[in-house]
Amino acid sequence: MVAEFESDLIKMRTLEGMKVAGAKGRLRCKQPKLSARQEAHLVALHAVGGHTISDLEELFSIARSTVYRALARGRARAAV
């Protein structure tokens, strides 16, 4: 019972610390591989139809899964 209580205290303190660090701008998450401009360019190149997924991988130096996620985000923006 005491161990569970200590564990809960640690979790609460960690979350509080992360909130404070985020408010101060010190908490950094994983940075995106592509900027919004690069992602828009990738989607446009794919929409034209002149580039395959493999071409886009090499052109932007990113993984195949990143290309597919960028295209999915581009389709979602176009649908809205």
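A quick note: this is a predicted structure, and the numbers were derived from the prediction, not measured. Residue numbers count from 1 along this sequence.
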Open item on the list: Applying side-chain contact (heavy atoms from CB on, under 4.5 Å) to V20 and R26, what does each step give before you reach the verdict?
Closed with: CA-CA 9 Å; V20 170; R26 293 185 184 160; over 6 Å; no

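- Atom CD of E39 sits about 10.0 Å away from atom CZ of F60, to the nearest 0.5 Å.
- For the atom pair CZ of R69 and CZ of R73, the computed distance is 7.0 Å after rounding to the nearest 0.5 Å.
- What you find for Q38 and K33 is that their closest heavy atoms are OE1-O, 4.0 Å.
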Task: Evaluation steps, side-chain contact (heavy atoms from CB on, under 4.5 Å), between L59 and L45 - done: CA-CA 11 Å; L59 185 62; L45 288 175; 3.6 Å; yes

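- Taking the salt bridge (Lys or Arg N to Asp or Glu O under 4.0 Å) definition, one finds that R64 meets it with E57, sequence neighbours left out.
- The structure places CD1 of I10 at 12.0 Å from CG of L15, a figure rounded to the nearest 0.5 Å.
- Of all non-hydrogen atoms in L42 and L34, the two that sit nearest each other are CD1-CD1, 4.1 Å.
- M12 and F5 fall within a single hydrophobic cluster, where Ile, Leu, Val, Met, Phe, Trp and Tyr are joined by side-chain heavy atoms under 4.5 Å apart, directly or via other members.
- The structure places CD1 of I62 at 11.5 Å from OH of Y68, a figure rounded to the nearest 0.5 Å.
- Separation of atoms CZ (R75) and NE2 (H46) is listed at 7.5 Å; rounding is to 0.5 Å.
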